[in-house]
Amino acid sequence: MKRHWYAWAMVAPVVIVTGVLVGYPLVRGVYLSFTDARESNVGRTIGANVIPDRFQFVGLDNYVTTLTGGLFGGRLGWTIIWTVACVGLHYGIGLGLAMLLNRPMRLRGLYRVLLILPWAVPPFVSAFAWRYLYNSRYGVFNAMLDGLGLPRIGWLDEPLAAKIAVIGVNVWLGVPFMMLALLGGLQSIPKELHEAAEVDGANAWQRFVNITLPGLRSVSNTVILLGTIWTFNMFAVIFLVTRGGPGDSTEILVTYAYRQAFEGLRDYSGSATWGVLILLILVLMAVVYSRSLRKQGEVW
């Protein structure tokens, strides 16, 4: 402390703010998950009257009920499909665009700015815009289908179409970040390696597999993990575009946890239980992912 007091002083505000905004709600949520807290038994202040908490500690009952019911498994299955599809498309499209923008071309700076725009627009604005595009009666997509003589699609009215729709919105939002990160990784790969491989007779695919992908490994590992965490918890796209519908076909874990706490008969303990389970799943995924990287010789 005496030697590095200045460093501790610089870090202290961030630690305090993080503890207040993240640490306390996390501890409070874990605590509520072991209770039967509901809207009816949580303390509140009404005018001059103070009603105390009346909820009780119930141990692991909430976790047993959640995990043994069929609802959690169904939501988890779709959440995994949603995450894998979105992150896979984020990486594939982002890598393709990054490789195009890494080559000399006219107006390259303009293309970069245009491709970054989806990431610069606030997610809720993008979600509302896409919801209008998907509108069954007035949407642009159905107007295009009409122009081609094809039948209209109920983008937000049919379960399969709605799932494809929300994946499309999230891919549009997430590709720019992946593209930027991978473009930075591509620019860090020495050009001499490609030139030497080309002189030795390696074709474009061989250079991509043996030089580009290994050179991007450290960047790819990081952005894939971050993309997985962000997509797994992507509340805005699902809630604002389909609100989990039609029915509950596009509901993911985090949107259902929100509904429990803020809609209808508010079940705070149930919502907290789902939140803790989501956290545990993401921590487990991160641990397994980091260990697999270590086995491959990557330090992460």
Side-chain angles (χ1 to χ4, degrees), residues 14 18 22 79-131 133 164-195 197 204-205 207-241 252 254 282 285-286 289-290 292-293 296 298-300:
V14 178
T18 302
V22 179
T79 304
I80 292 174
I81 294 173
W82 148 266
T83 302
V84 172
C86 288
V87 174
L89 290 171
H90 285 165
Y91 187 83
I93 298 174
L95 178 58
L97 292 174
M99 293 184 66
L100 287 174
L101 293 178
N102 194 43
R103 303 175 62 181
M105 65 173 68
R106 296 183 61 185
L107 302 177
R108 183 169 61 175
L110 176 62
Y111 295 145
R112 290 181 179 179
V113 171
L114 292 176
L115 290 170
I116 293 171
L117 283 179
W119 192 36
V121 177
F124 73 91
V125 175
S126 300
F128 287 134
W130 277 91
R131 185 176 176 84
L133 294 175
I164 295 173
V166 292
I167 289 174
V169 176
N170 196 52
V171 168
W172 186 80
L173 288 171
V175 162
F177 166 77
M178 198 72 72
M179 179 195 69
L180 280 177
L182 294 174
L183 180 59
L186 287 173
Q187 293 176 346
S188 68
I189 300 175
K191 294 182 179 180
E192 292 78 7
L193 295 178
H194 287 279
E195 294 172 355
W205 174 252
R207 296 197 300 272
F208 173 74
V209 172
N210 296 290
I211 297 176
T212 302
L213 288 183
L216 290 175
R217 185 173 299 164
S218 60
V219 176
S220 298
N221 293 336
T222 302
V223 295
I224 288 175
L225 180 59
L226 289 175
T228 299
I229 294 173
W230 291 341
T231 304
F232 201 89
N233 285 325
M234 179 53 71
F235 173 85
V237 170
I238 299 293
F239 190 78
L240 296 177
V241 175
I252 59 175
V254 68
L282 289 174
M285 290 170 54
Y289 188 69
S290 62
S292 67
L293 294 181
Q296 298 172 14
E298 291 287 333
V299 178
W300 192 89

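Hydrogens, waters and symmetry mates play no part in the numbers below; they use all other heavy atoms, side chains included.
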Are side-chain heavy atoms of [X] and [Y] found at a separation under 4.5 Å?
| X | Y | answer |
| --- | --- | --- |
| Trp230 | Val87 | no |
| Leu115 | Pro176 | no |
| Trp119 | Met179 | no |
| Leu95 | Phe208 | yes |
| Leu282 | Met285 | yes |
| Asn170 | His90 | yes |

Atom pair [atom1] ([X]) and [atom2] ([Y]), whose distance is rounded to the nearest 0.5 Å:
| X | Y | atom1 | atom2 | value |
| --- | --- | --- | --- | --- |
| Ile238 | Asn233 | CD1 | CG | 12.0 Å |
| Leu100 | Leu186 | CG | CG | 10.5 Å |
| His194 | Asn210 | NE2 | CG | 10.5 Å |
| Asn221 | Leu226 | CG | CG | 11.0 Å |

*For the pair Phe239 and Phe235, name the ring-plane relationship: parallel under 30°, tilted 30 to 60°, perpendicular over 60°.*
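Ring orientation, 0 to 90° scale: parallel.
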*Ignoring hydrogens and geometry, is there a side-chain-to-backbone donor-acceptor pair from Trp82 to Thr231 under 3.5 Å?*
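Confirmed, Trp82 side chain pairs with Thr231 backbone.
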